[in-house]
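Here's the structure we're looking at; comments come further down.
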Amino acid sequence: MNTRALFAIPLLIGLGNSPLQAACPGGVSSSFTVSGQVTNPGVFNLSQLEQFAPAQANVTHFAAGSVVTESFTGVLLWDLLNNPPVGGIVTDPTVKNDILHKIVIVTGTDCYQSVFGAGEFDPLFGGSQIMVAYATGGQSLGSAGFARIVVPGDKAGGRFVSNIANIDVEDAGLYPSNSPK
Ligand SMILES: Nc1nc2c(c(=O)[nH]1)N[C@H]1C(S)=C(S)[C@@H](COP(=O)(O)O)O[C@H]1N2
Ligand SMILES: [Mo]
């Protein structure tokens with residue numbers, strides 16, 4: 001182990017937190033970034049989400065042991081990523097079904113995270129109506145922030161990332177250049 005790493009240990013213990021925690025204060029979000037392998041990375045707020053064709057989902061799921069039924073309005077994650085201004089997930093046309101290599105990592109202000117495979121919500125493949133919801137029962141989402149993920153059909157609410165801070169598109173990268181390891 002190098003000396004610099006040894007010096008870092010008491011510093012981290014002194015902070016009493018993981019180094020990442022400073023970037024994850026939690027709290028109610030009012031915008032999120034879209035980053036990574038998209039044509040145009042950018043920032044979205046509520047009025048920008050409202051520009052898209054609205055999607056609706058009536059969802060019944062378990063949240064912390066109780067059954068919750070809600071009627072969400074939002075934009076389909078596929079539509080958000082594949083229309084202007086984001087303009088699409090970047091894929092390599094020389095890689096067979098490169099879209100199936102892509103993962104979408106959604107992170108909340110508290111750094112709660114869930115990952116989705118692009119293939120599960122690409123309308124040509126899974127077609128899941130995964131949504132970036134901005135209203136429930138016609139009202140804003142309150143403590144869940146201006147936007148949260150909703151996955152119709154999920155039995156528990158764990159993937160319904162609230163207070164979205166970032167939507168990042170990456171390549172799973174397990175098998176570079178189409179060839180198995
Ligand atoms: N940002 C963030 N989103 C989150 C969580 C969290 O801890 N942080 N918990 C998840 C879990 S485990 C559940 S069950 C639901 C609960 O959503 P609710 O508070 O609207 O019922 O939110 C999900 N989304
Ligand atoms: Mo949960």
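When a ligand or atom number is given, it counts from 1 through the structure's own listing order.
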Notebook entry, point to check: Can we say Lys102 and Glu120 salt-bridge, meaning some charged N sits less than 4.0 Å from an Asp/Glu carboxylate O?
Noted result: no
Note to self: If hydrophobic clusters are built from ILVMFWY residues whose side chains come within less than 4.5 Å, do Leu76 and Val151 share one?
What the structure shows: no
Next item on the list: Specify whether Phe72 and Phe160 have parallel, tilted or perpendicular ring planes, treating 30° as the upper limit for parallel and 60° as the lower limit for perpendicular.
Entry: perpendicular
Item checked: Residue pairs passing the side chain to side chain donor-acceptor pair (under 3.5 Å) test where at least one lies in residues 76-92, sequence neighbours excluded -> Asp92-Thr94
Next item on the list: Examine distances only and state if a side-chain atom of Asn45 and a backbone atom of Gln48 form a donor-acceptor pair shorter than 3.5 Å.
Entry: yes
Under 3.5 Å, N/O to N/O: give me all the pairs between ligand 1 and the protein, one per line with atom names and distance.
residue	atom	partner	partner atom	Å
ligand 1	1 (N)	Asp110	OD1	3.0
ligand 1	1 (N)	Asp110	OD2	3.4
ligand 1	1 (N)	Ser162	O	3.0
ligand 1	1 (N)	Ser162	OG	3.4
ligand 1	3 (N)	Ser162	N	3.0
ligand 1	3 (N)	Ser162	OG	3.0
ligand 1	8 (N)	Asp110	OD2	2.7
ligand 1	17 (O)	Arg148	NH2	3.1
ligand 1	20 (O)	Arg148	NH1	2.8
ligand 1	22 (O)	Arg148	NH2	3.1
ligand 1	24 (N)	Phe160	O	3.0

Margin query: Test your reading of the model: is there a side-chain donor-acceptor pair from Asn163 to the backbone of Ser143, 3.5 Å cut-off?
Written below: yes
